[in-house]
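Only a predicted model underlies this, so the values are computations on that prediction, with no experimental measurement involved. In this chain, numbering begins with 1 at the start of the sequence shown.
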Amino acid sequence: MRNYRNAFVFALVGNLTLLAVLGGLWWRGKHHRQTEAAMQPAPTESAQSSPTRSESAGMAPHEAALVPVQLSPERLQSIGVRTGHAESRIVEDEIRVTGNVAIDETRLSTVQVRYSGYIQKVFADATYQYLRKGQPLFTIYSPELVATEREYLVAKQNQQRVAQSTILGVTEGAASLLVAATERLKQWGVPQREISRLESTGAIQQELQVDSPVSGYITERNALPNLTVQPETRLYSVADLSMVWVLAEVFQNDLGRIKIGDRASLTVDSYPGRVFEGRVNFIYPQVDMMTRTARARLTFSNPGLKLTPGMFVNVALKVAMGKQLVIPATGVLQSGTRQIVFVSRKDGYIEPREVQLGSRAGEDFIVLKGLKAGEEIVTSANFLIDSESQLQAALGTFIPPPPGAGAAGAMNAPLAKAELATEPDPPRKGSNTLRVKLADASGAPISGAEVSVTFSMPAMPAMGMAAMRTQISLGEKGNGLYEGAGKLDSGGTWQVTILAKKNGQVVASKQLSVNATGGM
């Protein structure tokens, strides 16, 4: 028991000692950091205002500079360059949308009566039954109509009875009563044939036959036998389907391109190869917040009643854009915020040019600014030419330091001449022999120099090629001639840098482009 107590005491003392040591080390480190912070100068205003790494990363990168390039015919062929032309012509585009067939509301008629009554017999008894104008629909008994017919007969009899009267105003009064009764029958929609029958027979008919006022299809039917009818009761809706509406869903981005009267064509899977022609009739002034589309109402002739209400159809809206300057869409390089085309001139000279484009019309773009009709542009391998142009621009921006800046000052001084020769000429993919001839400004050969030749080619992501770089050191052969062998991994255009140093100073520096044969 005593041994356990002693072990516990030793463990406790050891832990307390360790805590004391750790606390001392922590206090000493904190004091040292505070002392260093006090000795450091306060940050300047420019340092405080400079963006952090995360802030700089969020900034939009600058557009890369582009310069004209010149490629040999072999190089143009090896990278697959094709060209097209900017041309001025009549442009028409298509906006393809979907829609649904609907009834033309201007050709929709409603059958109602203008008096109360009771339907007796129904002849048109099915929805979508076809009706001809004047075809019987139903018969109706109306106490009000019967009373009006009786008044008509009484007025007619009175007129005949007092026709020979010599009393002033009697004949005119009887005639006005007959006219009023006749007018009431007409206002109630009683057909002329019924009024003529009533006048000729003098007999009241208890049931009046109601005929269809138009030709068309019954789209709604409420007329049933023994139904009590009021003037506001809608008994039939009859639609003329010889013309129909198509409600097309047009995206809001295309609304500004269409207008009333534009041509439209329609196809439906039910009739392969059949095309219906129509026109834009109305554009609804509301955009659906869920689909971001607005309805355009189109009118189509419907021969043979092929188009039925509710049918889903495909619509092509014809957008006439007038005479425009257009180029193939494949000739446009979207470079960040810019739109670039490469104008091809004689002898492989290709010039990058920023253009302003309008809307797209099929496989072409409308050019608003930057090109003229007839100019030739590159329509394929644009990314490769863009890489070449960027590299040439980057090489052309090198500016030597000012005189007197140590070793850099020698670069700004008049440099020696360096001439490159290759065997074979031009160089090829694979092994090559390089020769550089060095001479000073007076033409005297330079000996004892360290000469290197660097071949570089930028990455070509479109072709899956990474950047390539080969540096070849040349040995002195005498009389200012330096020679060495090296291997090129690909054909194509290489950027070549010749660098010659003597006694640690740059005596010659030259940059040029070399086209190697042998393919990529």
Side-chain angles (χ1 to χ4, degrees), residues 99-152 180-198 204-248 281-282 284-286 295 297-302 304-313:
N100 292 279
V101 179
I103 296 172
D104 186 345
E105 295 177 5
T106 64
R107 295 172 178 267
L108 185 62
S109 301
T110 300
V111 178
Q112 292 175 283
V113 294
R114 301 176 183 179
Y115 43 82
S116 58
Y118 309 91
I119 292 180
Q120 302 296 310
K121 299 176 183 178
V122 177
F123 305 111
D125 56 359
T127 306
Y128 281 100
Q129 175 183 342
Y130 181 74
L131 298 176
R132 296 182 304 275
K133 184 176 182 179
Q135 180 177 334
L137 298 177
F138 58 87
T139 61
I140 185 171
Y141 167 72
S142 173
E144 296 177 356
L145 185 58
V146 170
T148 303
E149 289 186 350
R150 185 173 290 111
E151 291 177 6
Y152 174 84
T182 304
E183 188 64 26
R184 189 184 307 172
L185 291 174
K186 292 181 179 180
Q187 291 297 326
W188 276 355
V190 176
Q192 183 60 43
R193 70 170 188 277
E194 177 62 21
I195 297 175
S196 300
R197 186 203 62 78
L198 184 63
I204 298 174
Q205 187 170 347
Q206 299 296 319
E207 296 182 16
L208 177 66
Q209 177 180 298
V210 178
D211 301 334
S212 175
V214 294
S215 296
Y217 289 84
I218 299 174
T219 58
E220 183 182 7
R221 168 185 170 253
N222 296 314
L224 300 172
N226 302 319
L227 179 70
T228 301
V229 177
Q230 300 297 331
E232 65 272 13
T233 305
R234 184 166 60 187
L235 300 174
Y236 291 94
S237 293
V238 182
D240 179 5
L241 298 180
S242 61
M243 294 287 293
V244 293
W245 285 351
V246 171
L247 302 179
N281 178 261
F282 184 73
Y284 290 79
Q286 182 178 7
R295 282 186 171 183
R297 190 174 71 203
L298 319 174
T299 56
F300 284 88
S301 178
N302 190 20
L305 304 180
K306 301 295 185 182
L307 303 177
T308 59
M311 182 179 283
F312 180 83
V313 295

Query - Salt-bridge contact Arg197-Glu194 (side-chain N to carboxylate O under 4.0 Å) - result: yes

Query raised in the report: Distance-only, no hydrogens or angles: does the Tyr152 side chain make a donor-acceptor pair with backbone N or O of Leu185 under 3.5 Å?
Result: no

Report task. Using modelled atom types only, decide if a donor and an acceptor are shared between the side chain of Arg234 and the backbone of Thr110 within a distance under 3.5 Å. Result -> no

Report task. Side-chain contact test, heavy atoms from C-beta onward, threshold under 4.5 Å: evaluate it for Asp240 versus Val214 and give yes or no. Result -> no

Query raised in the report: Is the shortest heavy-atom distance from the side chain of Phe138 to the side chain of Asp125 under 4.5 Å?
Result: no

Report task. Given side-chain contact (heavy atoms from CB on, under 4.5 Å), test Asp211 with Arg193 step by step and report yes or no. Result -> CA-CA 12 Å; Asp211 301 334; Arg193 70 170 188 277; 2.8 Å; yes

Report task. Compare every heavy atom of Val244 with every heavy atom of Ala102, then report the nearest pair and how far apart it is. Result -> O-CB, 3.7 Å

Query - Side chains of Pro213 and Val111 in contact at under 4.5 Å (non-hydrogen atoms) - result: yes

Query raised in the report: With side chains defined as the heavy atoms from C-beta onward, is the minimum distance between Asn302 and Val101 less than 4.5 Å?
Result: no

Query raised in the report: Is the number of heavy atoms from other residues, nucleotides or ligands under 6.0 Å of Gln230 CD greater than 12?
Result: yes

Query raised in the report: Between atom CG of Leu145 and atom CH2 of Trp188, what is the distance when rounded to the nearest 0.5 Å?
Result: 6.5 Å

Query raised in the report: Hey, what do you get for OH (Tyr236) to OG1 (Thr127), rounding to the nearest 0.5 Å?
Result: 9.5 Å

Requested in this report: Find the distance between OG1 (Thr106) and CH2 (Trp245) and round it off to the nearest 0.5 Å.
Outcome: 6.0 Å

Query raised in the report: After noting the C-alpha distance and the side-chain angles of Phe312 and Asn100, does the key distance pass the side-chain contact (heavy atoms from CB on, under 4.5 Å) rule?
Result: CA-CA 5 Å; Phe312 180 83; Asn100 292 279; 4.0 Å; yes

Query raised in the report: Would you call Ser242 and Arg107 a side-chain contact if the rule is heavy atoms closer than 4.5 Å?
Result: yes

Query raised in the report: Is it true that a side-chain atom of Ser142 and a backbone atom of Ser116 form a donor plus acceptor pair closer than 3.5 Å?
Result: yes

Query raised in the report: To the nearest 0.5 Å, how far apart are CD in Gln205 and CD in Glu149?
Result: 7.5 Å

Query - Heavy-atom pair with the smallest gap, counting every atom of Arg221 and Ala124 - result: NE-O, 3.5 Å

Query raised in the report: Any sub-3.5 Å donor-acceptor pair from Ser237's side-chain atoms to Thr219's backbone N or O?
Result: no

**Report entry** Side-chain (Ser215) to main-chain (Lys133) donor-acceptor, under 3.5 angstrom
**Finding:** yes

Query raised in the report: Looking only at atom types and distance, does a side-chain atom of Asn281 sit under 3.5 Å from a main-chain N or O of Thr299, one as donor and one as acceptor?
Result: no

Query raised in the report: So which heavy atom on Pro136 is nearest to which on Gln209, and how close?
Result: CG-NE2, 3.5 Å

Query raised in the report: So does Arg295 have more than 12 non-hydrogen atoms from other groups sitting under 6.0 Å from CZ?
Result: no

Query - Closest approach of Tyr284 to Leu247 (non-hydrogen atoms, all atoms of both residues) - result: OH-CD2, 4.0 Å

Query - Pairwise distance OH(Tyr118) to OG1(Thr228) - rounded to 0.5 angstrom - result: 5.5 Å

Query - Straight-line distance of Ile195 CD1 to Leu198 CG, nearest 0.5 Å - result: 8.0 Å

Query - Tyr115 atom OH: more than 12 heavy-atom contacts under 6.0 Å - result: yes

Report task. Side-chain contact test, heavy atoms from C-beta onward, threshold under 4.5 Å: evaluate it for Val122 versus Leu227 and give yes or no. Result -> no

Query - Minimum-distance pair of heavy atoms, taken over all atoms of Ile218 and Ala126 - result: CD1-O, 3.5 Å

Query raised in the report: Ion pair present between Glu207 and Lys121, side-chain N to carboxylate O less than 4.0 angstrom?
Result: no

Query raised in the report: When the ring planes of Tyr128 and Tyr217 are compared, do they come out parallel, tilted or perpendicular, using 30° and 60° as the limits?
Result: tilted

Query raised in the report: Any side-chain heavy-atom pair from Glu105 and Arg297 closer than 4.5 angstrom?
Result: no

Report task. Go through Ile119 and Leu235 one step at a time and tell me if the side-chain contact (heavy atoms from CB on, under 4.5 Å) criterion holds. Result -> CA-CA 10 Å; Ile119 292 180; Leu235 300 174; 4.2 Å; yes

Query raised in the report: Are any of the side-chain heavy atoms of Arg184 and Glu144 separated by less than 4.5 Å?
Result: no

